[in-house]
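Below is one structure, written out as structure tokens, with a few remarks after it.
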Amino acid sequence: MAGPLQELNPVSNAVSKDDLVIPLIDFGPFYTGTPSDKHAVALSITNAFKSSGFVYLKNHGIPPSVVSRVFASSAAFFRRPQSQKDALGWTTPQSNRGYVAIGREKLATVEETSQMETLRGTAPDIKETMEIGREGVAGLPNRWPDHLDEEGKDFKATMLSFFDLCKDLHKQVMSAIALGLNLPEHFFDEFVDEGDNNLRLLHYPPVRKDVFQQNPHQVRAGEHSDYGSITLLFQDRHGGLQVRSPKGTFVDATPIPDTIVVNAGDLLARWSNDTIKSTRHRVIEPPKPEVQEGDDLAETYPSRFSIAYFCNPNNNKLIEALPGTYGQEMNVSKKYADITAGDYLVQRLTATY
């Protein structure tokens with residue numbers, strides 16, 4: 001007979017190819033299950049972060065209707081005239097707020113950052129984004145379109161509400177990671193309570209197939225690892241996200257309705273003394289054009305929208321190797337110098353833009 005864990009917390013594989021396994025985890029029992037159920041969810045997430053660095057979460061607590069509304073509001077924003085979007089442009093790494101036009105940001109591996117200008121020229125990322133940070137930070141205002149029209153006011157209200165929902169989920173996932181690392185459940189609370197996170201709305205515009213055929217290095221978003229602690233990724237149905245496998249291949253992370261793809265970032269890997277993996281990923285063209293043969297757009301990939309919520313520790317918090325990840329009894333030393341979260345993220349953003 002199946003025990004409570006199998007009934008309440010089924011864990012299946014969403015992705016399994018080339019030694020890359022990304023589980024699909026039911027997060028519901030972390031909210032409502034027994035202590036044993038809760039601990040099982042925590043171990044499932046943490047073990048996945050130690051191996052692939054990625055999980056899919058279902059029953060995560062953010063209603064599908066809310067996600068649909070955010071996607072619709074995002075699409076409406078990107079339909080605005082270019083002049084309106086440019087007027088809300090991104091300014092500095094310290095702020096990391098505002099609109100980023102196609103070609104400005106180039107995602108790359110750490111090793112490639114010295115070649116950034118060349119990469120932008122030969123294979124610019126084909127995407128535009130809107131970056132939204134914590135509201136109310138002195139000197140670092142968000143760039144809202146609320147002064148333009150009623151739709152702009154609705155956009156602001158929708159995104160502020162969604163930001164807070166994602167902030168709450170971030171706290172819960174970090175609690176699960178704490179339990180999975182044999183730390184007190186609320187160990188990370190003081191590190192994440194301010195919500196120095198970044199909500200990124202992404203639009204990958206329609207692209208002709210021959211753009212990718214003519215330039216083998218062209219992608220919609222280049223190979224990279226995320227900078228912060230974890231990322232909550234909401235995908236539309238078109239796909240294109242690929243995760244690097246242990247064999248060096250890229251494996252499709254196919255969208256699964258009503259799930260969130262959650263991955264560990266570089267700062268969490270550093271924080272865990274590399275116990276946790278921050279795995280490289282990219283966005284390429286979808287598997288095939290979603291139009292009928294004979295259509296004028298048969299050779300064009302459609303728009304793709306996604307929403308990434310980049311979770312970070314509070315900017316002023318010192319990040320040092322977590323207890324239990326180093327020590328003489330383990331014959332493991334600290335691999336990285338201590339650094340504040342804010343300083344680390346500014347360093348990474350400065351190299352990206």
Side-chain angles (χ1 to χ4, degrees), residues 11 13-16 19-25 27 30 38-57 60 109-110 166 169-192 196-198 223-233 241 243-246 251 253 260-281 308-314 317-327 329-341 344-345 347-348:
V11 177
N13 289 339
V15 174
S16 182
D19 296 335
L20 177 74
V21 176
I22 304 177
L24 170 60
I25 297 173
F27 200 58
F30 193 79
K38 192 170 190 174
H39 195 253
V41 173
L43 284 176
S44 297
I45 292 173
T46 306
N47 288 340
F49 279 178
K50 289 179 178 180
S51 56
S52 69
F54 273 77
V55 301
Y56 286 69
L57 287 188
H60 42 72
T109 63
V110 173
C166 291
L169 180 56
H170 171 213
K171 181 180 177 182
Q172 295 295 331
V173 174
M174 293 304 295
S175 293
I177 294 170
L179 288 177
L181 292 175
N182 295 316
L183 297 171
E185 178 179 348
H186 298 289
F187 178 88
F188 291 113
D189 286 5
E190 66 176 294
F191 288 91
V192 302
D196 282 324
N197 305 321
N198 176 249
E223 178 184 352
H224 65 285
S225 53
D226 292 345
Y227 306 156
S229 53
I230 63 171
T231 300
L232 311 178
L233 178 67
L241 174 66
V243 179
R244 189 179 180 92
S245 76
V251 177
I260 304 172
V261 176
V262 185
N263 64 280
D266 294 344
L267 193 53
L268 182 57
R270 179 181 180 130
W271 207 352
S272 72
N273 213 34
D274 286 338
T275 301
I276 286 172
K277 291 184 178 179
S278 177
T279 303
R280 294 178 181 178
H281 48 285
Y309 187 79
F310 296 106
C311 304
N312 308 304
N314 301 342
K317 284 296 185 180
L318 188 69
I319 303 304
E320 54 185 328
L322 292 168
T325 63
Y326 67 94
E329 67 282 2
M330 303 169 58
N331 197 28
V332 176
S333 58
K334 290 185 179 182
K335 296 183 178 182
Y336 304 100
D338 300 347
I339 189 171
T340 65
Y344 178 82
L345 293 169
Q347 288 177 12
R348 296 297 302 275

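Just so it is clear, the structure is predicted and the values come from calculations on it, not from any experiment. Numbers here are sequence positions counted from 1.
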So do [Y] and [X] actually touch side chain to side chain, heavy atoms under 4.5 Å?
{"X": "Leu322", "Y": "Phe187", "result": "yes"}
{"X": "Val173", "Y": "Leu57", "result": "yes"}
{"X": "Ile22", "Y": "Val251", "result": "no"}
{"X": "His60", "Y": "Ile25", "result": "no"}

Using a 3.5 Å distance criterion without hydrogens, assess whether the side chain of [X] forms a donor-acceptor pair with backbone atoms of [Y].
{"X": "Thr231", "Y": "Leu233", "result": "no"}
{"X": "Ser52", "Y": "Leu20", "result": "no"}
{"X": "Asn273", "Y": "Lys335", "result": "yes"}
{"X": "Arg270", "Y": "Gly265", "result": "no"}
{"X": "Ser245", "Y": "Asp19", "result": "no"}
{"X": "Asp196", "Y": "Pro313", "result": "no"}

With sequence neighbours excluded, residues passing side chain to side chain donor-acceptor pair (under 3.5 Å) with Asn314: Asp193
Note: Glu185 and Ala178 closest approach over all heavy atoms is O-CB, 3.8 Å
Take His170 and Ser229 through the test side chain to side chain contact (heavy atoms under 4.5 Å, CB included) and record every step on the way to the result. CA-CA 9 Å; His170 171 213; Ser229 53; 3.6 Å; yes
Over 12 non-hydrogen atoms of neighbours within 6.0 angstrom of NZ in Lys317: yes
Other residues, nucleotides and ligands only: do more than 12 of their heavy atoms fall within 6.0 Å of CG on Asn331? no
Given side chain to side chain contact (heavy atoms under 4.5 Å, CB included), test Thr279 with Asn263 step by step and report yes or no. CA-CA 8 Å; Thr279 303; Asn263 64 280; over 6 Å; no
Listed by chain and number, what are the ring pair (Phe, Tyr, Trp, His ring centres under 6.0 Å) partners of Phe188, not counting sequence neighbours? Trp271
Exactly one of Ile319, Asp226, Asn312 should register a side chain to side chain contact (heavy atoms under 4.5 Å, CB included) with Leu267. Which one does? Ile319
